[in-house]
Number of protein chains: 2
Amino acid sequence: MPNSIEVNSNLSVDCVIFGFDGERLNVLLIEEKDIGQGLLRKRLPGDLIHKGEGLDEAANRVLFELASLKNVLLKQCHTFGDPHRVNDEKDKKWLEIYRNNPEERVVTVSYYALVKMANFVPNPASFAGEALWQNIQDIPELAFDHNEIVEVALWKLQRHFELSKIGYELLPSKFTLNQLQQLHEAITQEELDKRNFRKKIVREKIIEATDEKQEGVLHKPARLYRIKPGQSALGN
Amino acid sequence: MPNSIEVNSNLSVDCVIFGFDGERLNVLLIEEKDIGQGLLRKRLPGDLIHKGEGLDEAANRVLFELASLKNVLLKQCHTFGDPHRVNDEKDKKWLEIYRNNPEERVVTVSYYALVKMANFVPNPASFAGEALWQNIQDIPELAFDHNEIVEVALWKLQRHFELSKIGYELLPSKFTLNQLQQLHEAITQEELDKRNFRKKIVREKIIEATDEKQEGVLHKPARLYRIKPGQSALGN
DNA sequence: ACAAAAGTGTTCGGGATACACCCATGC
DNA sequence: GCATGGGTGTATCCCGAACACTTTTGT
């Protein structure tokens, strides 16, 4: 694939973009258009790093090109550089089509991001393929070593989440405690007790009740909460 | 510096080797011989990655060449690839001397290791300079972005240490509870209460008492403990 | 009145923390 | 006998886990 921008042909970034829909956690995958060679496996969005471009910068660029998103939590995760990380025949064919020197070992730096799916509007022109959300429970065999990259990213996201209270940016600005609980359950992949969860959240003093309530629901409306002023929504 | 081995000229590893001497935590630094150009800053041991060599493999090679050490905890830490990570004049001069294309941006994958200083016998031939231990409290200004690499490595080591009980390999095979406490204090950089520490350790059931005691000390000899058979000394 | 989700308290066990004195040994 | 580190117990607080019923609203 000819490219007029100068790139580092052996350095790439891959982004594991976790999306929350209010209920479950999903990962953004790219599905190539079938170009008649049976190269059907899905993969993570990623790109070679441009000359003069930083790693974080490249990851942010991929995310921006893909969905015009800026300022989301985007953390470096792990770097994969096994010289044999590409050993499947389908992957090799793909490289022959899209890369200038398909034999070269490519080191990829993986990043993960956490976004609200409703905000995420994929830009169809950004990849030679289609973007789709895949439930975290149900990820198929991916190209290259991308299954491993997703696993590591999920693990790190979970560790990060349990240490520093990130994730509020995935909720509306006023939200119910149940929505918050669903977010926690989606990320940790565990069920939580409603009462214990609420006690814990109250203890943390990060959110506060408003005097508004849900509207338009067919049951008792829940009280809405918001992040307390002065609490940064972005973790470290 | 001509090199007959084929290398990836834009990929390196740097190793943050933490050493424990029974009392404090240190970092291994390389001090170049002064070649009359005032290139006096210390740096981390590291090297370009060879063609066909994996990242972990390269880090292990550096550690092995430096001290003939194998099978130590060596974990990938973070990847640094800012195109301007080399902007000091001294660093640029150093690159002109030691690298074929000193202008190229080099991405470095950092690793950290945790070793017992007594086991560590530096191999003088392995670097064009001298290896020295520097107390973690007292690290000077280093070359390139190596101060930042050390900081990140220490932070990750501490997080790793508090989650999964690593570090027993830094003690003799039979050790006193005080030695173990000093290890914890050196890594976490915090003081601990003796009684509470002992209760906690007992609860974890990773070590057990032997019926041996210290010898040759000028006070009441302490009981010696060992890791219970079947407990892996290596963390994950 | 019924369906659906909201909201609420108590008990138990275990771990974290704070704190001070006697003990065994070598010299 | 004295200096040096070794070794021990108790009380408090907070947190995590387990667990079931009443309330409010829309239809």
Side-chain angles (χ1 to χ4, degrees), chain A residues 20-24 158-159 161-165 167 171-226, chain B residues 20-24 158-159 161-165 167-168 171-227:
Chain A
F20 181 64
D21 59 5
E23 198 171 351
R24 313 188 70 181
Q158 290 172 340
R159 294 294 82 70
F161 183 78
E162 71 189 21
L163 293 182
S164 66
K165 290 302 155 196
L171 296 172
S173 63
K174 304 197 179 160
F175 50 86
T176 68
L177 292 180
N178 243 22
Q179 289 176 312
L180 183 57
Q181 183 174 345
Q182 283 185 291
L183 170 64
H184 279 245
E185 289 177 337
I187 292 177
T188 61
Q189 306 276 300
E190 289 177 357
E191 296 220 333
L192 299 170
D193 177 88
K194 185 165 49 155
R195 284 171 290 188
N196 293 336
F197 177 76
R198 289 157 112 96
K199 270 180 289 183
K200 185 174 144 113
I201 287 295
V202 168
R203 248 186 274 126
E204 283 170 5
K205 297 185 180 152
I206 295 175
I207 66 171
E208 64 185 4
T210 68
D211 48 9
E212 294 170 63
K213 296 192 167 182
Q214 262 183 327
E215 287 174 18
V217 289
L218 53 155
H219 53 74
K220 172 173 174 177
R223 162 162 253 159
L224 295 174
Y225 289 74
R226 66 168 169 230
Chain B
F20 181 65
D21 59 5
E23 196 170 352
R24 314 189 69 183
Q158 289 173 340
R159 294 293 84 68
F161 184 77
E162 72 189 21
L163 293 182
S164 67
K165 291 301 153 197
Y168 289 100
L171 296 172
S173 64
K174 305 200 178 157
F175 50 86
T176 69
L177 292 180
N178 244 21
Q179 290 175 312
L180 183 57
Q181 182 174 347
Q182 282 185 291
L183 170 65
H184 280 245
E185 290 176 336
I187 291 177
T188 61
Q189 306 276 298
E190 288 176 359
E191 296 219 331
L192 299 171
D193 177 88
K194 186 167 48 157
R195 282 171 292 188
N196 293 337
F197 177 76
R198 289 157 112 96
K199 269 181 291 184
K200 187 174 142 115
I201 287 296
V202 168
R203 248 186 274 125
E204 282 168 5
K205 296 182 181 156
I206 295 175
I207 64 171
E208 65 186 3
T210 68
D211 48 10
E212 295 170 62
K213 297 194 168 184
Q214 263 182 327
E215 286 174 19
V217 289
L218 53 155
H219 53 73
K220 173 173 172 178
R223 163 161 252 159
L224 294 174
Y225 289 74
R226 65 169 170 232
I227 300 174

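A note on names: the letters A, B, ... follow the listed sequences, proteins ahead of strands, and every chain is numbered from 1. For the numbers below, each heavy atom of this structure counts, side chains included, while hydrogens, waters and symmetry mates do not.
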| task | Would you mind reading off the distance between B:Phe197 atom CZ and D:dG6 atom P, rounded to a whole angstrom? | result | 12 Å
| note | From NZ of B:Lys200 across to C1' of C:dG14 the rounded distance in Å is 13 Å
| note | A:Gln189 meets the side chain to side chain donor-acceptor pair (under 3.5 Å) criterion, sequence neighbours left out, with A:Gln137
| request: Please list residues of residues 172-188 of chain A whose heavy atoms come under 4.0 Å from any atom in DNA chain D, ordered by number; otherwise none. | output: none
| According to the salt bridge (charged side-chain N to carboxylate O under 4.0 Å, His left out) rule, which pairs have a member within residues 183-200 of chain B, sequence neighbours left out? | none
| note | From CZ of A:Arg223 across to P of D:dT23 the rounded distance in Å is 18 Å
| Approximate separation, where rounding is to 0.5 Å, of B:Leu183 CG and B:Tyr168 OH | 8.5 Å
| remark: Scoring nucleotides 18-27 of chain C by protein non-hydrogen atoms under 4.0 Å (B base, S sugar-phosphate only, - none) yields BBB--BBBS-
| task | Would you indicate what A:Arg198 reaches in the nucleic acid, counting non-hydrogen atoms under 4.0 angstrom: base, sugar-phosphate, or nothing? | result | base
| Pairs involving residues 181-211 of chain B, ordered by first then second residue, that meet ring-ring contact (aromatic ring centres under 6.0 Å, His included) (sequence neighbours left out) | B:Phe161-B:His184, B:His184-B:Phe197
| Atom-to-atom span, CD of A:Gln214 to P of C:dA6 - whole angstrom | 7 Å
| query | Taking B:Arg24 for the side chain and B:Ala186 for the main chain, is one N or O donor matched with an acceptor at less than 3.5 Å? | reply | no
| request: Please state how far atom CG in A:Leu224 lies from atom C1' in C:dG7, giving the value in whole angstrom units. | output: 14 Å
| request: Spell out, as yes or no, whether a donor-acceptor pair under 3.5 Å connects the side chain of A:Arg223 to the backbone of A:Thr210. | output: yes
| field | Rounded distance [0.5 Å steps], CG in B:Leu163 versus NZ in B:Lys165 | value | 8.5 Å
| said: In whole Å, I'd like the distance from the CD1 atom of B:Ile201 to the C1' atom of C:dG15. | reply: 14 Å
| remark: So the salt bridge (charged side-chain N to carboxylate O under 4.0 Å, His left out) pairs with at least one residue in residues 171-181 of chain A (sequence neighbours excluded) are A:Lys174-A:Glu212
| So, B:Gln182 side chain and B:Gln179 main chain: donor-acceptor pair closer than 3.5 Å or not? | no
| Separation of C:dG15 P from B:Glu204 CD (nearest whole Å) | 10 Å
